Every structure is written in C-alpha cells, then in structure tokens.
J.: 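This is the structure I have questions about; it appears just below.
Quick note on labels: first sequence line is chain A, next is B, and so on, each numbered from 1. Here the structure is a predicted model, which is why all the values come from computation and not from measurement. Heavy-atom basis, side chains included; hydrogens, waters and symmetry copies ignored.
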There are 2 protein chains.
Amino acid sequence: MKPDRFKTLISEEGLKSTRQRAEILDIFLNSTGHKSLAEIHAWVAKMDPKIGYTTVYRTLKLLTRLGLAAERKFADGETRYEPTHEGTHHDHLICLGCGKIVEFEDDGLESLQDRIARGHGFKIFHHRMELYGYCGPCAHKKTSHRRKG
Amino acid sequence: MKPDRFKTLISEEGLKSTRQRAEILDIFLNSTGHKSLAEIHAWVAKMDPKIGYTTVYRTLKLLTRLGLAAERKFADGETRYEPTHEGTHHDHLICLGCGKIVEFEDDGLESLQDRIARGHGFKIFHHRMELYGYCGPCAHKKTSHRRKG
DNA sequence: CTCTTTTTGAAATTGAATTTCAATTTCATT
DNA sequence: AATGAAATTGAAATTCAATTTCAAAAAGAG
Ligand SMILES: [Mn+2]
Ligand SMILES: [Mn+2]
Ligand SMILES: [Zn+2]
Ligand SMILES: [Zn+2]
C-alpha cells in the first residue's frame with residue numbers, strides 16, 4: 001500500500017497519521033503468514049526499537065477494523081494476524097506435527113455452509129473453519145517411527 | 001452413566017473414585033449445552049458448596065481425556081464444555097444476536113473436508129467449524145429496526 | 001487399621017489481552 | 001512559525017481465565 005493511500009484511509013477515519021502507524025503498516029503488509037503480536041512487535045522493533053508493544057497491539061486492532069488485517073485464533077490460543085487480500089477469503093489446514101499452515105479456498109465448501117445455515121434459518125456473516133491433521137512429510141515420519149517400534 | 005461404570009473407568013486409569021468426581025460427572029453428563037467452567041462450578045456448588053473450582057477444572061480436563069466431555073473454544077474466547085455422545089460429531093451455528101447455539105451434522109460437509117485435506121496431502125484428525133450469523137428471530141429484529149430508522 | 005499415593009481446594013502464579021495515564025505528537029487554526 | 005485542543009504513544013498497571021503449587025484430607029491396597 002502506498003503511503004498516500006494510507007494517509008487518506010487514516011484521515012477518513014478521523015485518525016492521525018503517525019510514524020509508528022506507517023512503519024507497522026509497512027512491515028505488516030509486506031509480510032506473509034500468521035504472526036502473533038509478539039512476533040510482529042519483534043519485527044517492528046528491529047526497524048525501530050522505540051515502538052512499543054502496545055502501539056503494535058493497537059495498530060493491528062486498527063488494521064483489522066479497516067479490513068487490512070485478519071485476526072485468527074487457532075487451537076494454540078494465541079491471537080495471530082495476517083494481511084488480507086481484497087475480497088478474498090480462505091480457510092486453513094494446520095499440521096499437528098510441524099505446525100505448517102496451508103491455506104485453501106473452496107467454493108463448494110462455502111456454498112455448502114450457506115445451505116446448511118439457511119436450512120436452520122440462519123443468515124451467516126462469517127465462519128471459522130480449520131482442519132487439523134498431519135501434512136505429508138509428518139504423516140510419513142509418524143508411520144515409519146511406528147514400524148520401527 | 002451408572003456409578004459402577006464410572007468407577008470402572010476411573011479405576012482402569014489408575015485413578016481414585018471420589019465423591020467430588022462422581023458429583024461433577026453426574027451433574028455434567030445430565031446437563032446440556034455449552035457451559036463455561038464458572039457455570040459448571042456454579043451448578044456443582046449448588047449441590048455441594050464445598051467442591052472447589054479447581055476440582056471442577058481438573059475433572060472436566062479428565063472427562064475430556066476420557067472422551068466424556070468435549071472442550072470448545074468459540075469466538076468469545078472462554079473455554080466451554082459439552083457432554084459427548086459416543087461416536088457422534090457435530091458442528092455449530094452461533095447467533096451473533098442472542099448467542100443461541102444450534103448444532104448440526106452434515107456428512108457432505110465432513111466428506112468434503114476430507115477431500116480438501118487429501119488434496120493437500122493432509123491426513124485430518126479433527127476440525128473446527130463454526131458458522132456465525134443471525135438466527136431467524138434476530139435477523140428479523142435487525143431488519144425491522146433498520147426500517148424504522 | 002496403617003501406610004502410601006492420590007486428590008482436594010485455597011491461594012499463588014502465569015501470560016496474553018487490555019486499560020490507564022502522563023508525556024509527546026499531530027494538525028487545524030491563527 | 002506559533003498555539004492549543006485532541007489524538008497518540010509507551011511503560012506500567014490491570015484484568016481475567018487458565019494453570020500450578022502445596023499442605024491437608026481422602027482413597028484404597030495390604
Ligand atoms: Mn491465512
Ligand atoms: Mn455442541
Ligand atoms: Zn507437518
Ligand atoms: Zn439469535
């Protein structure tokens with residue numbers, strides 16, 4: 001995201017454009033993955049050690065409100081954030097062995113969810129769907145260990 | 001569950017059969033819904049005010065390990081427990097208006113999840129799937145309020 | 001009953017999430 | 001550029017569920 005677009009967005013919200021917000025936004029939007037606040041703060045602090053954890057916390061909340069970040073709570077309980085990509089949506093496959101997270105999109109799944117919800121008279125706004133298991137390599141390791149003993 | 005069956009189960013685990021465990025089990029298994037520890041403790045304390053929160057906590061963890069309880073973490077963050085029913089599985093529809101939780105089972109959904117996971121080389125052990133939206137009555141209330149202003 | 005082990009429950013601890021508040025910064029206005 | 005109200009920052013404090021600690025009580029094997 002261009003600095004100007006960010007300033008506009010911030011200003012439209014009646015907020016002020018600060019160095020901290022710009023830095024956090026820049027680092028966060030250019031990152032990938034699902035990071036905890038501690039991880040994001042560590043990254044940000046590398047660039048600018050003066051930026052406090054609290055500011056990172058508040059800025060990520062802000063970005064979530066603006067639709068630029070998505071807050072995720074997987075089974076480990078710690079809140080994680082990932083940058084969003086306009087109008088897209090995905091769910092997650094999570095490896096219980098190595099922690100790898102694979103993203104997937106499945107229109108059939110989405111429409112099936114809608115159908116189920118409608119069947120119960122619900123109108124759905126969002127959902128949470130995570131599949132926990134073992135990725136190829138981890139499943140393989142588990143199997144070979146079992147054979148040996 | 002019969003008291004004898006419980007004693008057997010407990011004994012097989014090398015654990016001791018206590019009044020507290022029996023009471024908590026009895027109350028919990030005869031309840032329905034998705035209760036927080038505080039709620040379960042409140043119920044248990046009505047029968048026997050001497051039973052401590054910690055014991056309820058530990059007993060619910062135990063029941064979860066034995067497969068008699070399921071631990072759920074919905075969006076509000078607080079851990080909830082529900083009694084399980086042998087070999088069944090269900091997911092949840094949650095109303096953002098009134099908090100109502102509706103359970104559903106959908107074989108098509110389950111097999112679709114497996115198919116998606118296989119497609120990414122994963123072997124799934126469990127999943128989490130919650131649909132958040134508005135139930136019939138709540139959706140209706142929202143609409144009529146909007147019309148009025 | 002006796003002894004050893006487990007369990008209990010109150011209190012303490014943990015750790016992430018959130019709030020507080022004084023100092024600092026932004027920015028609209030002069 | 002200076003002013004000043006309002007927003008922001010960041011360290012510290014607080015919150016609150018989850019978990020651990022530990023001394024006293026209870027279970028149950030022998
Ligand atoms: Mn993702
Ligand atoms: Mn349920
Ligand atoms: Zn793996
Ligand atoms: Zn409702």
J.: Could you say whether Arg80(A) or Gly14(B) is positioned toward the 5' end of DNA chain C, judged by the nucleotide with the nearest heavy atom to each?
T.: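 Whichever sits nearer the 5' end wins; that is Gly14(B).
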
J.: Measuring from the side chain of Thr54(A) (C-beta onward, heavy atoms only), which nucleotide among dG28(D), dA17(C), dA11(D) has the closest atom?
T.: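 It is dA11(D).
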
J.: For residues His41(B) and Ile51(B), report the shortest heavy-atom separation together with the two atoms involved.
T.: NE2-O, 3.0 Å

J.: In whole angstroms, how far is the C1' atom of dA16(C) from the CG atom of Leu60(A)?
T.: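 Between C1' of dA16(C) and CG of Leu60(A): 14 Å.
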
J.: From NZ of Lys73(B) over to P of dA17(C), roughly how many Å is that when rounded to an integer?
T.: 12 Å

J.: With DNA chain D as reference, determine whether Lys61(B) or Val56(A) sits nearer its 5' end, using the nearest nucleotide of each.
T.: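 Its nearest nucleotide being more 5', the pick is Val56(A).
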
J.: Over its full length, what angle do the end axes of the helix from dC1(C)-dG30(D) to dT30(C)-dA1(D) make, each axis taken from five pairs and the result rounded to 10 degrees?
T.: 20°

J.: Figure out the CD/C1' separation between Glu78(A) and dT18(C), and round it to whole Å.
T.: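 My rounded result for the distance is 15 Å.
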
J.: To the nearest Å, give me how far apart CD (Glu23(B)) and C1' (dT8(C)) are.
T.: 13 Å

J.: Give the rounded distance in Å between these two atoms: CD of Glu39(B) and P of dA18(D).
T.: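 In whole Å, dA18(D) P lies 12 Å from Glu39(B) CD.
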
J.: Answer yes or no: does a side-chain N or O of Thr55(A) lie under 4.0 Å from OP1 or OP2 of dT8(D)?
T.: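 The answer is no; no side-chain N or O of Thr55(A) sits under 4.0 Å from OP1 or OP2.
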
J.: Whether the side chain of Lys16(A) and the base of dA6(D) hold a donor-acceptor pair under 3.5 Å is what I'd like checked.
T.: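 Result: at least one qualifying N/O pair found.
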
J.: Would you call the rings of His126(A) and Tyr132(B) parallel, tilted or perpendicular, taking 30° and 60° as the class edges?
T.: parallel

J.: Under the 3.5 angstrom rule, does the side chain of Asp26(B) hit a backbone N or O of Ala22(B) as a donor-acceptor pair?
T.: no

J.: Roughly, in whole Å, what's the span from NZ in Lys50(B) to C1' in dT7(C)?
T.: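 It works out to 16 Å between those atoms.
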
J.: If only side-chain N and O atoms of Gln20(B) are considered, is one of them under 4.0 Å from the OP1 or OP2 phosphate oxygen of dG9(C)?
T.: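 It does, given that an N or O in the side chain of Gln20(B) lies less than 4.0 Å from OP1 or OP2 of dG9(C).
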
J.: What contact category does Ser36(B) fall into here, base, sugar-phosphate, or nothing, at under 4.0 angstrom with non-hydrogen atoms?
T.: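 Ser36(B): no heavy atom of the nucleic acid under 4.0 Å.
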
J.: So do the side chains of His34(B) and His92(B) get within less than 4.5 Å of each other, counting heavy atoms only?
T.: yes

J.: Tell me which of Ile10(B) and Tyr53(B) sits closer to the 5' end of DNA chain C, going by the nucleotide each one is nearest to.
T.: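 Comparing both residues, the 5'-ward one is Ile10(B).
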
J.: Quick test of your reading of the model: are Arg65(A) and Glu13(A) salt-bridged, counting only N-O distances below 4.0 Å?
T.: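 Salt bridge: yes.
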
J.: Between Glu71(B) and Arg19(B), name the one whose nearest nucleotide on DNA chain D is closer to the 5' end.
T.: Glu71(B)

J.: Can you tell me how far the CD1 atom of Ile116(B) sits from the CG atom of Asp91(A), to the nearest 0.5 Å?
T.: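 Ile116(B) CD1 to Asp91(A) CG: 8.0 Å, rounded to 0.5 Å.
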
J.: Is the distance from OP1 or OP2 of dA7(D) to the nearest side-chain N or O of Thr18(A) less than 4.0 Å?
T.: no

J.: Can you measure Tyr81(A) atom OH to dA16(C) atom P for me and round it to whole angstrom units?
T.: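 Spelled out: OH on Tyr81(A) to P on dA16(C) is 14 Å.
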
J.: Within the pair Tyr57(B) and dT19(D), is there a side-chain N or O less than 4.0 Å away from OP1 or OP2?
T.: yes

J.: Which residue in the set Val56(A), Leu63(A), Leu68(A), Thr64(A) passes side chain to side chain contact (heavy atoms under 4.5 Å, CB included) when paired with Tyr81(A)?
T.: Thr64(A)

J.: Flag the pair Lys50(B) / Gln20(B) as yes when at least one side-chain heavy-atom distance between them is below 4.5 Å, and no otherwise.
T.: no

J.: What is the distance from CZ of Arg58(A) to C1' of dT24(C), rounded to the nearest Å?
T.: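 Rounded to the whole Å, the gap is 13 Å.
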
